Amino acid sequence: MEGYRILKHNWTIPSAWDIDVYRKQCTFGYETARKVVTTMEPSAVRETVKQAGLRGRGGAGFPAGVKWGFVPKNASKPTYLINNADEGEPGTFKDRYIMERDPHQMIEGMIIAGFALQAPQAYIYIRGELGLAARRVQNAIDQAYAAGFLGKGIFGTGYSLEMTVHRGAGAYVCGEETGLISSIEGKKGNPRLKPPFPAVVGAFGAPSIVNNTETLTSIPYILEHGVEAYRTFGTEKSPGTKLFTVSGHVEKPGVYELPLGFPLKKLLYDVCGGIRGGHKLKAVIPGGSSAPVLTADEAERANLDYESLMEVGSMLGSGGVIVMDDTTDMVWALKNLTHFYAHESCGQCTPCREGTRWLDDIVTRFYENRATEEDFDRLLDICDSMSGTTICALSDAAVFPVKSFITKFRDEFEKHTVHGTGG
Amino acid sequence: METSDKPAKIAFSEENERRFQRLLPHYPNREAAMIPALHLLLEQYGFVSREVMAYVAERLEVPLSKVLAVASFYTMLNMERVGRYHIQVCRTLSCALRGSEEILAHLEKRLGIKAGETTPDGKFTLSTVECLASCGTGPVLQINRDQYEESLTVEKIDAILDRLP
Ligand SMILES: Cc1cc2nc3c(=O)[nH]c(=O)nc-3n(C[C@H](O)[C@H](O)[C@H](O)COP(=O)(O)O)c2cc1C
Ligand code: SF4
Ligand code: FES
């Protein structure tokens, strides 16, 4: 799969995280950023990224170039660029690899994005647990400063860019962009109501563009090779390649770079070596734990792009593909997830704070064979009360697994009721 | 990490003072250095005590209540003393599908404590944590702030525990 290596190209090069290796042996090598900063207009960079159709890789799939266009023209405060490297979505482990193996390509992408936005300051919000990633990134930043690629007047131009690592401290909700902004400001990671969107009022009251690590790391390729080259990968509406992190019951879990639109079935059986131990596929969560689960049938029909997964009733999300074989107890699996969301709700909104707990309680009741028929409706009622009424999307994220599991695997849940167990 | 019960007055070590001074210009106000400052002191003292919070409040010129709110929000900012080795087992789905429950059960048996407890000699604290972004090499656990152990088996756990001084 040589042709697909836009993001992973440098991962196999030993010590690509060292600037000398990155400059001599890796793609881009800061020459793409140099070309952009010394010869292009910021508006032309923004337009290129927009035309390339690069969509956010953090979960929502919003087009990066369009988001950049939301920064007000005559804002009184300078714009911040924020790299969301919080990577907390269960089943997702790609940004950590980018930072550990190829931090310079990410920084190069941030320089280009920073220039496009004329941002004087960039933050990289790295999940607190990721010690090695934070050290590699900090070291790479120090090297880039020393080389004159960061700091005052980069590449000998009038554009200056400061770059700062800000480490999180353990809270899933800080991956949500407004929670992340609260956290950068030194506060609890409580999300904020939108609008105003961060592009208008973000960190420290200034316009802020929050992009996922993988989104930013995709940018050097686009500026080096152009819109058309980028669009040869992927589909019309989902251009480019994406990192898919496969975990659970496959023979070869791992991080795979694939063009968007790639068949999920091929990913599971060809790329990942099939279901472990000759077992049969039962279910797949295709886009991180917040994406609705697919049955084996649905999974084998789906393609890995934003539109195709919507069509089968799920989401591409973060690209975290969690695979479950026929030995999996779906009630147990859902209980694992409801516990996660109950633990991670920040508690600001009553429907989310109470709802995530009730969901966890009732699913636990199923797990312990204490549930009744009414509990199905109770779960659905709670789900309804939690959707669309809260400050951030964590509440919806908690609802998707519950609704999809109990609808698609209802027979398994039935067996866990008092009635189903004959008790 | 200082372990004596009566630590000297809380303050950044010389090295951390330098790191703190380097941090400040990266933010438009002092409050924003809250989490980085707490990380430095956590490294230095092992947990975020009341005294540590008071010190941060003083250095950042914010009320103590703000520091308290932040420290209690984030799971990594331990407000209580933990054992010399804080073993944090990922319990979330991808790891669970690959056997994290057996790993946890084995650790509980070997250490003679339940998740959330510390051994009487203060050597080990055992906790469960949520997804550590290593789902492809699950089950995983983290020891203290920075050491990941991946693709765990019962044998591997035994080897890890035997290795820790
Ligand atoms: C509860 C929650 C957690 C999130 N966690 C992350 C995360 O860890 N990393 C990330 O990039 N985006 C995460 N997001 C999405 C961000 O809010 C935001 O959409 C994204 O960082 C924008 O970047 P992109 O447009 O490049 O994808 C999360 C969203 C929610 C609601
Ligand atoms: S939806 Fe949940 S996590 Fe999001 S702000 Fe409200 S309570 Fe917090
Ligand atoms: S589920 Fe354990 S590391 Fe992600």
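Order of the sequence lines fixes the chain letters, A, B, ..., with proteins taken first and strands second; residue numbering starts at 1 for each chain. Treat the numbers as computed from the prediction; the structure is a model and nothing was measured.
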(message) Do A:Ser182 and B:Phe73 have side chains that approach each other closer than 4.5 Å (heavy atoms only, starting at C-beta)?
(response) no
(request) Using a strict cut-off of less than 4.0 Å between a Lys/Arg side-chain nitrogen and an Asp/Glu carboxylate oxygen, indicate whether B:Glu43 and A:Arg167 qualify as a salt bridge. (result) no
(request) Compute whether any side-chain donor of one residue and acceptor of the other, for B:Tyr27 and A:Thr164, lie under 3.5 angstrom apart. (result) no
(request) Tell me, for A:Thr92 versus chain B, whether the close heavy atoms (under 4.5 Å) come from the side chain, the backbone, both or neither. (result) backbone
(request) Return the option, out of A:Lys252, A:His339, A:Arg276, with the maximum number of heavy-atom pairs under 4.5 Å with chain B. (result) A:His339
(message) With a 6.0 Å cut-off (strictly less than), is the heavy-atom count around CZ of B:Arg110, excluding the residue itself, greater than 12?
(response) yes
(request) Against chain B, label A:Asp325 side chain, backbone, both or neither, depending on which of its atoms sit under 4.5 Å from a heavy atom there. (result) neither
(request) Report, as yes or no, whether the 6.0 Å neighbourhood of atom CD on B:Glu80 holds more than 12 heavy atoms from other residues, nucleotides or ligands. (result) no
(message) Report which part of B:Glu31 has an atom under 4.5 Å of a heavy atom belonging to chain A: side chain, backbone, both, or neither.
(response) both
(request) Calculate, to the nearest 0.5 Å, the distance between atoms NE2 and CZ belonging to A:His343 and B:Arg91 respectively. (result) 8.5 Å
(request) Compare every heavy atom of A:Tyr80 with every heavy atom of B:Pro28, then report the nearest pair and how far apart it is. (result) CG-OH, 3.5 Å
(request) Supply the atom-to-atom distance B:Leu132 CG to A:Arg96 CZ, rounded to the nearest 0.5 angstrom. (result) 8.5 Å
(message) Rounded at 0.5 Å granularity, tell me how far CD1 in A:Ile184 sits from NE2 in B:His26.
(response) 13.0 Å
(request) Identify the heavy atoms of B:Leu97 and A:Val323 that sit nearest to each other, and give their distance. (result) CD1-O, 3.7 Å
(request) Mark yes or no for whether B:Tyr148, through its side chain, and A:Gly131, through its backbone, hold a donor-acceptor pair below 3.5 Å. (result) no
(message) Would you compute the distance between atom OG of A:Ser183 and atom CD1 of B:Ile35 and round it to the nearest 0.5 angstrom?
(response) 3.5 Å
(message) Report which part of A:Val173 has an atom under 4.5 Å of a heavy atom belonging to chain B: side chain, backbone, both, or neither.
(response) side chain
(request) Calculate, to the nearest 0.5 Å, the distance between atoms NZ and NZ belonging to A:Lys187 and B:Lys66 respectively. (result) 6.0 Å
(message) Could you check whether any side-chain heavy atom of B:Ser94 comes within less than 4.5 Å of a side-chain heavy atom of A:Phe93, counting everything from C-beta outward?
(response) no
(message) Given 3.5 Å as the limit, does a donor-acceptor pair link the side chain of B:His39 with the main chain of A:Gly168, or not?
(response) yes
(request) Taking B:Glu130 for its side chain and A:Tyr172 for its backbone only, find out whether a donor-acceptor pair lies under 3.5 Å. (result) no
(message) Can you confirm whether more than 12 heavy atoms, excluding those of A:Lys152, are under 6.0 Å from its NZ atom?
(response) no
(request) Give the minimum heavy-atom separation between A:Lys188 and B:Tyr74, together with the two atoms involved. (result) C-OH, 3.6 Å
(request) Check B:Asp146 against A:Leu132 and note the closest heavy-atom contact, atom names and distance. (result) OD1-N, 3.5 Å
(message) Is there a side-chain contact between A:Glu89 and B:Cys131 in this structure, where contact means two heavy atoms from C-beta onward sitting under 4.5 Å apart?
(response) no
(request) Could you tell me which portion of A:Phe340 (side chain, backbone, both or neither) has an atom closer than 4.5 angstrom to a non-hydrogen atom of chain B? (result) both
(request) Quick one: which of A:Ala134, A:Gly189, A:Cys174, A:Gly254 has the most heavy-atom pairs under 4.5 Å with chain B, could you say? (result) A:Gly189
(message) Tell me the closest heavy-atom pair linking A:Pro253 and B:Gly136, and the distance in Å.
(response) CB-O, 3.4 Å
(request) Could you tell me which portion of A:Glu87 (side chain, backbone, both or neither) has an atom closer than 4.5 angstrom to a non-hydrogen atom of chain B? (result) both
(request) Answer yes or no: does atom CD of B:Glu14 have more than 12 heavy-atom neighbours from other residues, nucleotides or ligands under 6.0 Å? (result) no
(message) I need the residue from A:Lys94, A:His249, A:Glu162 with the largest number of non-hydrogen atom pairs under 4.5 Å to chain B.
(response) A:His249
(message) Which one wins on heavy-atom pair count under 4.5 Å against chain B: A:Gly347, A:Gly320, A:Gly186, A:Ala203?
(response) A:Gly186
(request) Measure the spacing between OG1 of B:Thr92 and CD of A:Glu344 and express it to the nearest 0.5 Å. (result) 8.0 Å
